Amino acid sequence: MDAATDRMEEKSHNELLAIRRQKLEALRAAGIDPFGSGFETTGAPGEIRAAFAEGQKVRTAGRITAHRNMGKSHFIDLSDHSGRIQVYLNAKELAPEAMVAFDLLDIGDFLGVEGETFVTKTGEPSIKAASIRVLSKSLRPLPDKWHGVQDTEIKYRQRYLDLVSNRESLEVFQKRIAIVREIRRFLEDRGFIEVETPMMQSIPGGAAAQPFETHHNALGMDLYLRIAPELYLKRLLVGGFTKIFELNRNFRNEGISRRHNPEFTMLETYWAYADFEKMADLVEEMVCHLAEKICGGLRIEHKNAEGNVTRTINLSRPWRRTRYEDLLRGVEPKWYDFSPEERRAWCQEHGIEVTHCQADFEVTQHVFEKLIEEKTMDPLFVTHCPKELVPLAKQNAADPRLVDVYELVINGQEISPGYSELNDPDIQRERLEHQSGGETQKLDDDFLAALEYGMPPAGGIGIGIDRLVMMLTGVESIRDVILFPHMRPRH
RNA sequence: GGGUUGGUAGCUCAAUGGUAGAGCAGCGCCCUUUUAAGGCGUUGGUUGUGGGUUCGAGUCCCACCCAACCCA
């Protein structure tokens, strides 16, 4: 069934839509444009309510989200992202034509109002309408005024309905917007500058992930959507920038889950002459700044649907910093005395599934993820990880098996890695060749050439913004912090 | 990819294998300070799709689609 047939069917079967279209035509017949144009306001509904003063002449506009009909007088709510304001309409105060138009309106329509502010006898800040203007007729009914949208499919596929009818959803996205804005401000205040590097790359590098492929017709070449901006940001360090960041989308052609969306937002920051510990300080300061500015403090409460607190994250400084190996010894004191076979046996004993194709360091990493990462709610910097896990970081001077990195874990998830970046071009080449292995992954020779020209020692961090927002807002699914998460087509 | 749960009116939800229902929204009437307004009345259904079992299927069986959760 194609979309046109679909529409026809729906129309012929649904009297609700037919009635709204009749009202649309009735408005036109009365000489009123149902899809009006510009309307100057003195403030948004929520702004007028927040800065309410009686006896002011105001103009505002919004969507009608409630209608309480008292016969010759009406109360409606006008709403938008800023909030809501009540409007009082009375046949005595309004022109007869206006009341005719008003009778043809529905919940969902956009309306402009001019009038004087007053407080009703129940204490509700309101506007007494002196004139109204129809701004847009809504041809479909909105979701339930009380329950809002409950169906997750509608929430995600038709986010506009979720935003209009579920206040909690809107608030999460407003917090996300504030977090992103505040990150930019925080970094700029400290002398970092925002740069833009290619999202379409001929060699996708900077991470180990499956890229999306595309094709450039004029150049006759395949391109890939970036999986990370890292290798370009490092080229900028070679070029003389010392404090830079990029806050934008990455794309990975992998599974979709509660914690994964194929496109996700990443902050990467590089700071010449800094090391991973200085970067850890920066992240710690930044996340605390965000929590205090946007979440009202360093204790973040996660609540369930009933409003009960299910988890409290304490962001108080200083954050714990522990070496990777010490954490594993905390789980099993003899872990590093075991042979690889004994480690596998230990996993079996403790109900941790490992496959035969996993290398020894992957077995250890799996134990780390299951028994440490997933159980760690308060911030923990995991430092000095094994170098196999991190091919782009600097080797530790005292122990060549390790790299100078941190992995920040909060809320049971990896929120941010930070490195002392590898700037030795020969070691970098060796690591990348080792990483490519037998796979088809190409070596980025230009990036290696850039390193050979000389890259200053630098600290670098990445922060998954979606997961950071999940942690700070207490939602359980990445789909609840991405406005338009990817879904299969409905049919 | 595997498992579990779900998909019923515009929305939120009911319905032992036996007449598909409620609240809200809508429509009609009453009501000039209500706020989930209220009162009286009333319309609205291809029960996700396609098969099957049965005298009879929203309900049982099979396949498929979509979603949520868990696992890999």
Side-chain angles (χ1 to χ4, degrees), chain A residues 1 5-23 26 45 49 54 64-79 83-94 99 102-109 115-129 138-162 164-167 254-260 304-305 351-358 362 366 369-370 374 475-480 485-491:
Chain A
M1 188 194 290
T5 323
D6 208 345
R7 268 201 306 281
M8 292 287 290
E9 285 240 334
E10 200 171 1
K11 195 174 167 184
S12 62
H13 280 94
N14 194 328
E15 63 165 320
L16 294 179
L17 304 187
I19 288 166
R20 291 206 172 202
R21 287 197 178 266
Q22 282 164 19
K23 291 179 179 175
R49 198 162 198 274
E54 271 188 89
I64 300 173
T65 51
H67 177 205
R68 295 173 286 279
N69 182 352
M70 306 292 299
K72 288 193 174 58
S73 66
H74 302 257
F75 295 91
I76 59 171
D77 287 348
L78 289 187
S79 306
R84 56 168 271 271
I85 186 85
Q86 176 169 273
V87 177
Y88 173 72
L89 300 102
N90 185 328
K92 209 171 69 184
E93 315 269 342
L94 280 163
M99 289 312 291
F102 182 75
D103 280 342
L104 296 168
L105 297 182
D106 288 295
I107 287 173
D109 294 351
E116 193 170 306
T117 54
F118 75 109
V119 178
T120 65
K121 67 183 181 193
T122 55
E124 179 76 15
S126 307
I127 300 170
K128 186 174 288 182
S138 167
L139 298 176
R140 291 170 184 258
L142 288 179
D144 191 276
K145 66 177 175 185
W146 186 244
H147 301 94
V149 175
Q150 294 299 317
D151 186 325
T152 50
E153 277 201 71
I154 299 177
K155 266 172 78 77
Y156 299 148
R157 288 186 199 279
Q158 295 175 278
R159 179 69 82 185
Y160 43 91
L161 295 180
D162 183 39
V164 166
S165 53
N166 296 15
R167 201 75 209 169
E254 293 170 353
I256 293 180
S257 79
R258 213 161 53 89
R259 293 177 178 189
H260 298 87
N304 61 14
I352 292 168
E353 285 179 43
V354 288
T355 62
H356 284 288
C357 53
Q358 280 177 304
E362 289 174 312
H366 194 62
E369 285 170 6
K370 288 285 159 195
E374 287 183 10
V475 304
E476 297 292 328
S477 170
I478 197 168
R479 293 180 200 95
D480 292 324
H486 283 281
M487 306 277 277
R488 282 207 174 96
R490 206 189 285 263
H491 291 295

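No experiment lies behind these values; they were computed from the predicted model shown. Any value given below was found using the heavy atoms of this structure, including those in side chains, with hydrogens, waters and symmetry copies removed. By convention in this document, chain letters (A, B, ...) are assigned in the order of the sequence lines, proteins followed by strands, and residues within each chain are numbered from 1.
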For this session: Please identify each residue that fulfils side chain to side chain contact (heavy atoms under 4.5 Å, CB included) with A/Val164, with sequence neighbours left out.
Result: A/Arg63, A/Leu142
For this session: Give a yes or no answer on whether the side chain of A/Arg157 reaches the backbone of A/Arg488 with a donor-acceptor pair at less than 3.5 Å.
Result: yes
Problem set entry | Heavy-atom side-chain proximity of A/Lys128 to A/Glu93 below 4.5 angstrom | yes
Problem set entry | Nearest-Å distance once atom P is located in both B/U12 and B/G48 | 14 Å
Exercise. How would you label the contact of A/Arg258 with the nucleic acid (heavy atoms, under 4.0 Å): base, sugar-phosphate, or nothing?
Worked result: sugar-phosphate
Problem set entry | Check: A/Glu369 side chain, A/His366 main-chain N or O, donor-acceptor pair, under 3.5 Å | no
For this session: Tell me which of A/Ile107 and A/Val119 sits closer to the 5' end of RNA chain B, going by the nucleotide each one is nearest to.
Result: A/Ile107
For this session: With P as the reference atom in both, quote the distance from B/G58 to B/U47 in angstrom, rounded to an integer.
Result: 7 Å
Problem set entry | Spacing of A/Glu374 atom CD relative to B/C70 atom P, expressed in whole Å | 11 Å
Problem set entry | Whole-angstrom distance between B/A36 and B/C11, as gauged at atom C1' | 14 Å
Exercise. Looking only at atom types and distance, does a side-chain atom of A/Asn166 sit under 3.5 Å from a main-chain N or O of A/Val149, one as donor and one as acceptor?
Worked result: yes
For this session: Round to a whole Å and report the spacing from CZ of A/Arg20 to C1' of B/G44.
Result: 15 Å
Exercise. What is the distance from CZ of A/Arg488 to P of B/A68, rounded to the nearest Å?
Worked result: 10 Å
Problem set entry | Separation of B/A68 C1' from A/Ile478 CD1 (nearest whole Å) | 16 Å
Seminar exercise, completed: Closest to the 5' end of RNA chain B, once A/Ile154 and A/His366 are matched to their nearest nucleotides, is A/Ile154
Problem set entry | Complementary nucleotide of B/U33, counting Watson-Crick and G-U pairs under 3.5 Å | none
Seminar exercise, completed: In B/S/- notation (B base, S sugar-phosphate only, - none; protein heavy atoms under 4.0 Å), nucleotides 3-8 of chain B written 5' to 3' is ------
Exercise. Is A/Lys23 paired with A/Asp103 through a side-chain N to carboxylate O contact shorter than 4.0 Å?
Worked result: no
For this session: May I ask which nucleotide in the shown strands pairs with B/C64, Watson-Crick or G-U wobble, both distances under 3.5 Å?
Result: B/G48
For this session: Please state the P separation for the pair B/G10 and B/A68 - nearest whole angstrom.
Result: 23 Å
For this session: Name the pairing partner of B/U8, where a pair is Watson-Crick or G-U wobble with both distances under 3.5 Å, or state none.
Result: none
For this session: Could you tell me which nucleotide pairs with B/U53 by Watson-Crick or G-U wobble geometry, both distances under 3.5 Å, or answer none if nothing does?
Result: none
Exercise. For A/Leu139 and A/Leu17, which heavy atoms make the closest approach, and how far apart are they?
Worked result: O-CD2, 3.3 Å
Exercise. What nucleotide, of B/U33, B/A72, B/C11, holds the atom closest to the side chain of A/Lys370?
Worked result: B/A72
Seminar exercise, completed: NE2 of A/His67 to CG of A/Leu105, rounded to nearest 0.5 Å, is 9.0 Å
Problem set entry | Complementary nucleotide for B/C40 - Watson-Crick or wobble, under 3.5 Å | B/G28
Exercise. If the C1' atom of B/C40 is compared with that of B/C55, how far apart are they to the nearest Å?
Worked result: 43 Å
Exercise. With both distances under 3.5 angstrom, what nucleotide forms a Watson-Crick or G-U wobble pair with B/G1?
Worked result: B/C71
Problem set entry | Value in whole Å for how far the P atom of B/U32 lies from CD of A/Glu93 | 14 Å
Problem set entry | Residues A/Arg84 and A/Glu124 bridged, charged N to O under 4.0 Å | yes
Exercise. If we only count heavy atoms from C-beta on, is the A/Gln86 to A/Thr120 side-chain gap below 4.5 Å?
Worked result: yes
Exercise. To the nearest Å, how far apart are A/Lys23 NZ and B/G10 P?
Worked result: 17 Å
Problem set entry | Geometric class of the A/Phe102/A/His74 ring pair [parallel <30°, tilted 30-60°, perpendicular >60°] | perpendicular
Nucleotides 34-37 of chain B: which of its N/O atoms have a protein N/O under 3.5 Å away?
from: B/U34; atom 1: O2; to: A/Arg68; atom 2: NE; distance (Å): 2.6
from: B/U34; atom 1: O2; to: A/Gln86; atom 2: OE1; distance (Å): 3.3
from: B/U34; atom 1: N3; to: A/Gln86; atom 2: OE1; distance (Å): 2.8
from: B/U34; atom 1: N3; to: A/Gln86; atom 2: NE2; distance (Å): 2.9
from: B/U34; atom 1: O4; to: A/Gln86; atom 2: NE2; distance (Å): 2.6
from: B/U34; atom 1: O4; to: A/Thr120; atom 2: OG1; distance (Å): 2.7
from: B/U35; atom 1: O4'; to: A/Arg68; atom 2: NE; distance (Å): 3.1
from: B/U35; atom 1: N3; to: A/Glu124; atom 2: OE1; distance (Å): 3.2
from: B/U35; atom 1: O4; to: A/Thr122; atom 2: OG1; distance (Å): 2.3
from: B/A36; atom 1: O3'; to: A/Lys145; atom 2: NZ; distance (Å): 3.4
from: B/A36; atom 1: N1; to: A/Trp146; atom 2: NE1; distance (Å): 3.2
from: B/A37; atom 1: OP1; to: A/Lys145; atom 2: NZ; distance (Å): 2.3
from: B/A37; atom 1: OP2; to: A/Arg68; atom 2: NH1; distance (Å): 3.2
from: B/A37; atom 1: N7; to: A/Asn69; atom 2: O; distance (Å): 3.3
from: B/A37; atom 1: N6; to: A/Asn69; atom 2: O; distance (Å): 2.7

Seminar exercise, completed: A/Ile19 CD1 to B/G28 P, in whole Å, measures 8 Å
For this session: Return the nucleotide paired to B/C13: Watson-Crick means purine N1 to pyrimidine N3 with N6-O4 or O6-N4, wobble means G-U with N1-O2 and O6-N3, both under 3.5 Å.
Result: B/G21
Problem set entry | d(CD1, A/Ile352; C1', B/C71) in whole Å | 15 Å
For this session: Hunt down the Watson-Crick or G-U wobble partner of B/U59, both distances under 3.5 Å, from any strand shown, or write none.
Result: none
For this session: Please work out if A/Leu16 contacts a base, only the sugar-phosphate, or nothing of the nucleic acid, heavy-atom cut-off 4.0 Å.
Result: base
Problem set entry | Separation of the C1' atoms in B/G38 and B/C31, to the nearest angstrom | 9 Å
Exercise. Within less than 4.0 Å of OP1 or OP2 of B/G10, is there a side-chain N or O belonging to A/Arg140?
Worked result: no
